[in-house]
2 protein chains.
Amino acid sequence: MSKGAPKLSDVARMAGVSPATASRALSTPAQVRPETRAKVDDAARLLGYVPHGAARALASQRSRTIGAVIPTLDNAIFANSVNALQRSLAESGYTLLLGSHGYDPAVELEVTRALIERGVDGIVFVGTDHDPQLYRMLATFRIPYVLTWSLDPSGHHPCIGFNNREAAMQVTRFLLDLGHRNFAVISGLTAHNDRARDRVAGVRDALRARGLDLTPQAVIERPYSFASGQEGMRELLKRALRPSAVVCINDVLAVGAIIECRAEGLDIPRDVSITGFDDMEIAAQLAPGLTTMRLPTVDLGRSAAAYLLDRLAGREVAPSTELPVQLVVRGSTAPPRSRSAGRK
Amino acid sequence: MSKGAPKLSDVARMAGVSPATASRALSTPAQVRPETRAKVDDAARLLGYVPHGAARALASQRSRTIGAVIPTLDNAIFANSVNALQRSLAESGYTLLLGSHGYDPAVELEVTRALIERGVDGIVFVGTDHDPQLYRMLATFRIPYVLTWSLDPSGHHPCIGFNNREAAMQVTRFLLDLGHRNFAVISGLTAHNDRARDRVAGVRDALRARGLDLTPQAVIERPYSFASGQEGMRELLKRALRPSAVVCINDVLAVGAIIECRAEGLDIPRDVSITGFDDMEIAAQLAPGLTTMRLPTVDLGRSAAAYLLDRLAGREVAPSTELPVQLVVRGSTAPPRSRSAGRK
DNA sequence: TTGTAAGCGTTATCAA
DNA sequence: TTGATAACGCTTACAA
């Protein structure tokens, strides 16, 4: 019963070998004779040896730790991909260090600094909107990183994500093809959020391509929440010209909008069509079903892990990967028959 | 432009002091003359110095890092409290190391080992169901920890949580008082999940206290998901004697159950009453509104952080804290008037 | 294949 | 108040 945690030298002594050999037996088993390896393994097990990560990191200059800097875990959709990321990393013996910033660039910088200080071997970020200082820090410390959810238009940064603009255009074209002409958008806050901006821009561009305008008043911006979706919809329903199609930038907002319509006794889609984004689980369950863009969030987490692990292992990596999105059509989203039906 | 990250000795040289002084100036400013402190601070800022966490941890035997071991981030409700935990820790200069185990005790042990290896100063766990080996490991390495979400019946472990059994009893008594007599439960998987077990037990106990039985067939167990709630409800609706009250152990299951009822054209609560647990955001928005137990999940995260930080700072701490829950009544959950209306 | 020994970048002890 | 100097526990040349 010696006090304190057993260290490598304890294991070595018990196995009758030098600390160096014990280290090799545990870290690079191939470099050690099977018999000695067995002795060391036994001793380690008997003592309940757990390597001291800080010492190991100091000596080897690697921490087997990856950082993730995300806006918030409150959004189920981020939680989902962070979950996938964490599980992928764990499979390769890596641990996830988590930081969130609540959409505040200053906090993001601070959080990133904290992760670097903890010696993360690599960092996963969300989106492309970041303080230039952040990129400078990453360069100074030579930290591999990858941006996720979006594609970097500048091409300067490795990224794994979706073409949010194109995806939004796709939804919009789908609605246009159904005959909708009167659009509104319910968006998350676009400040420091390129995903939301790109999606709104996608709707606008798709409309413009058909000679339609998306006026600023037709875009409602609110923090992500069911309540926001409801408020946004309420706002839209007050207007003289009620939109026939409401493109929500996110399923949470869409569900909120649907709830508000129901509360107002409106029929979906006869009175108004609503689409979402992300394909959260609830989108599939809702009656009449929510038409939405499916984003492979689990793939996203896994790919981000794979990218960093490959880089750390010195393997070849693609500098940028676009993940496919898919329009999931559920329920009918046809517009009213008569063109004037949109009027109150 | 020297290559690589600047180190303490670089800062010291630039400031014209010894590394020891530079260290003190940065870590314990009070022990250093204001002028020297200023010199060191300036040098550090100029060089963009970021302390090397591993070296610091090795020398000081503290990592300023807290681990969290959770079942999954897929459940919005865990994501929520982890978010709060992370933010509270960040405020005190601590970083969160995250591990999830998908309700597998073996994985949980492994994940915990990984966190200890990373040198976490403390660990937050969920629930009381853990491998005895896990507690042994914590003792060996003298790691402060706290169990959350539940209260430890043995009183051996520090915990911050809810009385899940009593909370479930409260919901059940509420339904009993409304006149319900025919109950069913839709639960999450109870293996390795004391929260789910306690809640089911609470329903059973409350019924028994009024001379009613909750038969094993009246309890449906499924993984947490909207789809599970639907399936569970479908299953219950097939039965000869349809329950008038369905107690769901979680809002996600409850929403699924509601969706299924709607799809079947059933009226809530005329045909069947449904209650949830957790008070997720969507519960408030749904029409006719979900009656549920509100759990202070943000408080939970914050309290867990406070507990560990207090312990690490050598401050006094309460060994166990029960957080209050609150029944939130929404919509009418009255039973059918006639006792026979429950029949198909 | 194994052992020796020199770090890795801090903090902490002890003198000055 | 400051400066040497010895840890902290491990990895990794280099030698044997």
Side-chain angles (χ1 to χ4, degrees), chain A residues 2-41 43-44 47-65 93 116-121 140-142, chain B residues 2-41 43-44 47-65 93 116-119 121 141-142:
Chain A
S2 78
K3 63 178 70 176
K7 44 186 70 165
L8 188 61
S9 55
D10 298 327
V11 176
R13 191 176 322 114
M14 185 170 198
V17 299
S18 77
T21 301
S23 169
R24 281 184 289 250
L26 296 171
S27 302
T28 49
Q31 295 182 29
V32 138
R33 205 152 42 106
E35 309 157 39
T36 27
R37 192 192 312 156
K39 279 192 298 186
V40 173
D41 285 349
L47 292 170
Y49 172 70
V50 172
H52 191 294
R56 170 177 276 189
L58 185 58
S60 68
Q61 304 289 47
R62 308 176 96 239
S63 66
R64 298 225 135 216
T65 275
I116 292 178
E117 179 169 341
R118 262 66 178 185
V120 292
D121 294 336
T140 303
F141 291 91
R142 295 182 170 65
Chain B
S2 79
K3 61 179 71 177
K7 43 184 70 165
L8 188 62
S9 55
D10 297 328
V11 176
R13 192 177 321 115
M14 186 167 196
V17 300
S18 76
T21 302
S23 169
R24 281 184 291 247
L26 296 170
S27 303
T28 49
Q31 294 180 28
V32 138
R33 208 156 37 111
E35 310 158 38
T36 25
R37 192 194 310 157
K39 281 192 295 184
V40 173
D41 285 349
L47 292 170
Y49 171 70
V50 172
H52 191 293
R56 169 177 277 188
L58 184 57
S60 68
Q61 305 289 43
R62 306 176 97 239
S63 67
R64 297 224 135 216
T65 273
I116 292 179
E117 179 170 339
R118 261 61 176 191
D121 294 335
F141 290 91
R142 296 181 169 67

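Numbered from 1 within each chain, the chains take letters A, B, ... in sequence-line order.
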Q. Considering the terminal five base pairs at each end of the helix from dT1(C)-dA16(D) to dA16(C)-dT1(D), what angle separates the two local helix axes, rounded to 10°?
A. 30°

Q: Using a cut-off of strictly less than 4.0 Å between a heavy atom of the residue and any atom of DNA chain D, enumerate the qualifying residues of residues 26-38 of chain A by number.
A: S27(A)

Q: Could you list the residues that satisfy side-chain contact (heavy atoms from CB on, under 4.5 Å) with A15(A), not counting sequence neighbours?
A: V17(A), K39(A), V40(A), A43(A)

Q.
Please list all pairs meeting side chain to side chain donor-acceptor pair (under 3.5 Å) that have one or both residues in residues 49-59 of chain B, counting only residues at least two apart or in different chains.
A. E117(A)-R56(B)

(Q) Quick check on DNA chain D: between A55(B) and R56(A), whose nearest nucleotide comes earlier from the 5' end? (A) A55(B)

(Q) On a heavy-atom basis, which atom in A12(B) and which in A22(B) lie closest, and how many Å separate them? (A) CB-CB, 3.9 Å

Q | Worked verdict on L8(B) versus L26(B) for side chain to side chain contact (heavy atoms under 4.5 Å, CB included) | A | CA-CA 10 Å; L8(B) 188 62; L26(B) 296 170; 3.9 Å; yes

(Q) Please list all pairs meeting side chain to side chain donor-acceptor pair (under 3.5 Å) that have one or both residues in residues 21-31 of chain B, counting only residues at least two apart or in different chains. (A) S18(B)-T21(B)

Q | Residues which pass side-chain contact (heavy atoms from CB on, under 4.5 Å) with R62(A), listed by chain and number, not counting sequence neighbours | A | S60(A), R64(A), Y94(A), D121(A), L312(A)

Q: Please report the closest heavy-atom contact between L47(B) and P6(B), naming both atoms and the distance.
A: O-CG, 3.3 Å

Q) When you list every nucleotide of DNA chain C with an atom under 4.0 Å from a heavy atom of chain A, which one comes first 5' to 3', and which comes last? A) dT1(C) to dG9(C)

Q.
Tell me the closest heavy-atom pair linking Q61(A) and L58(A), and the distance in Å.
A. OE1-O, 3.5 Å

Q. Among all residues two or more places apart in sequence or in another chain, which pass the side-chain hydrogen bond (donor to acceptor under 3.5 Å, both in side chains) test with T65(A)?
A. none

Q | Nucleic acid contacts - residues 16-25 of chain B versus DNA chain C, non-hydrogen atoms under 4.0 Å | A | A20(B), S23(B), R24(B)

Q) Can you pull the contact range of chain A along DNA chain D, 5' to 3', using atoms under 4.0 angstrom from its heavy atoms? A) dG9(D) to dA13(D)

Q: With sequence neighbours left out, write down each residue that passes side-chain contact (heavy atoms from CB on, under 4.5 Å) with S9(A), or none if nothing qualifies.
A: K7(A), R13(A)

